[in-house]
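Whatever order the structure lists them in is the order used to number ligands and atoms, beginning at 1.
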Amino acid sequence: MLDIANERDFGEYFFFEKPFKAFYGLVKEPEVAELYEIDEINDLLRFELIKMIEHSVFIKKCKNCGWYFIPNRRQDAEYCDCSFGETGKKCSEIGAMLRYERKVAENPVWEVYKRNYRWQNSRTRTKKMTQAEFLQWSEEASPKRDECLAGKLPFDEYVAWLERGRIRKAREKRDTQ
Ligand SMILES: [Zn+2]
């Protein structure tokens, strides 16, 4: 058991220098492997931790469900591969979308941006707007959104700018008819 009175049971010594009982044995003849005898749960956790450091195993917290996971494809993975709730989909498949939706729901700037984005994008599908026009709109709308999020552009002004885009497009449409 961990001896609280013994300072050698804590700190760097405890984690890195306290020896494990190691021996060599035949695992699958004729292979010889280094084996460890571990009697305590503390030593097991310590062993796991040290081996993870030794093999550069990273643990990350899933940005969707909050569980810890070991990224096996990319070290910069943000979502785990567990299936999420009732969705039947993995966090890695839907995490980014759910996070975006939460962000939109929590922030009126994102909400108004997304609504206008959808509206403008739908116009490209109905050929009322070319793809190039849409890209141009998007290139103006996203930096303005970021300015607004950063508090450099008042929310009302951003909404007014987006509205002007809608009125202008509607008028252009009427003029060409
Ligand atoms: Zn997850």
Side-chain angles (χ1 to χ4, degrees), residues 1-2 4 9-22 27-28 31 33-125 131 134-155 158-159 161-162:
M1 282 298 290
L2 195 72
I4 297 195
D9 278 347
F10 294 97
E12 211 166 300
Y13 170 80
F14 175 75
F15 277 101
F16 292 111
E17 294 170 30
K18 190 180 166 198
F20 288 104
K21 200 186 283 177
V27 184
K28 192 173 67 181
E31 282 175 40
E34 191 173 17
L35 302 170
Y36 297 88
E37 188 182 307
I38 293 171
D39 306 319
E40 292 182 24
I41 190 80
N42 284 327
D43 279 344
L44 181 61
L45 297 175
R46 193 164 63 89
F47 183 80
E48 287 280 334
L49 179 74
I50 289 169
K51 285 290 168 191
M52 287 175 85
I53 296 168
E54 188 184 339
H55 296 287
S56 303
V57 174
F58 290 86
I59 301 183
K60 299 196 80 174
K61 193 172 183 179
C62 175
K63 287 196 172 169
N64 185 50
C65 69
W67 282 66
Y68 292 96
F69 71 104
I70 295 169
N72 47 19
R73 285 184 302 272
R74 302 169 48 154
Q75 260 175 31
D76 60 353
E78 296 191 313
Y79 305 99
C80 74
D81 282 329
C82 301
S83 86
F84 182 62
E86 309 276 285
T87 62
K89 294 238 163 70
K90 296 172 183 172
C91 284
S92 54
E93 293 169 329
I94 55 166
M97 188 192 77
L98 291 177
R99 198 162 138 215
Y100 177 71
E101 280 179 1
R102 273 196 294 271
K103 188 164 70 176
V104 167
E106 282 164 12
N107 193 313
V109 178
W110 274 103
E111 199 276 323
V112 73
Y113 168 79
K114 191 179 174 181
R115 188 153 30 89
N116 278 273
Y117 184 96
R118 278 197 183 144
W119 185 79
Q120 301 279 9
N121 195 27
S122 72
R123 291 166 58 83
T124 64
R125 282 196 298 274
Q131 202 64 37
F134 175 68
L135 278 177
Q136 196 198 335
W137 175 85
S138 177
E139 274 171 20
E140 288 176 51
S142 349
K144 278 188 188 290
R145 174 205 65 211
D146 293 340
E147 271 181 50
C148 190
L149 286 167
K152 292 175 193 158
L153 176 72
F155 180 64
Y158 185 48
V159 173
W161 181 82
L162 289 167

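Using bins of under 30°, 30° to 60° and over 60° for the plane-to-plane angle, the ring pair Phe47/Phe20 lands in the perpendicular bin.
Sorted by first and then second residue, the ring pair (Phe, Tyr, Trp, His ring centres under 6.0 Å) pairs with a member in residues 51-102 read Tyr100-Trp110; sequence neighbours excluded.
Every residue two or more places apart in sequence or in another chain that forms a side-chain contact (heavy atoms from CB on, under 4.5 Å) with Arg73 is listed here: Asp81, Ser92. The side-chain contact (heavy atoms from CB on, under 4.5 Å) search around Ile53 returns Phe16, Leu49, not counting sequence neighbours.
Annotation: protein N, O or S atoms under 2.8 Å of the Zn ion (ligand 1) (waters excluded) comprise Cys62 SG, Cys65 SG, Cys80 SG, Cys91 SG.
For the pair Glu147 and Lys144, the salt-bridge criterion is not met [side-chain N within less than 4.0 Å of a carboxylate O].
Taking the ring centre of Trp119 as origin, the terminal cationic atom of Arg115 falls outside the region bounded by 6.0 Å and 45° from the ring axis.
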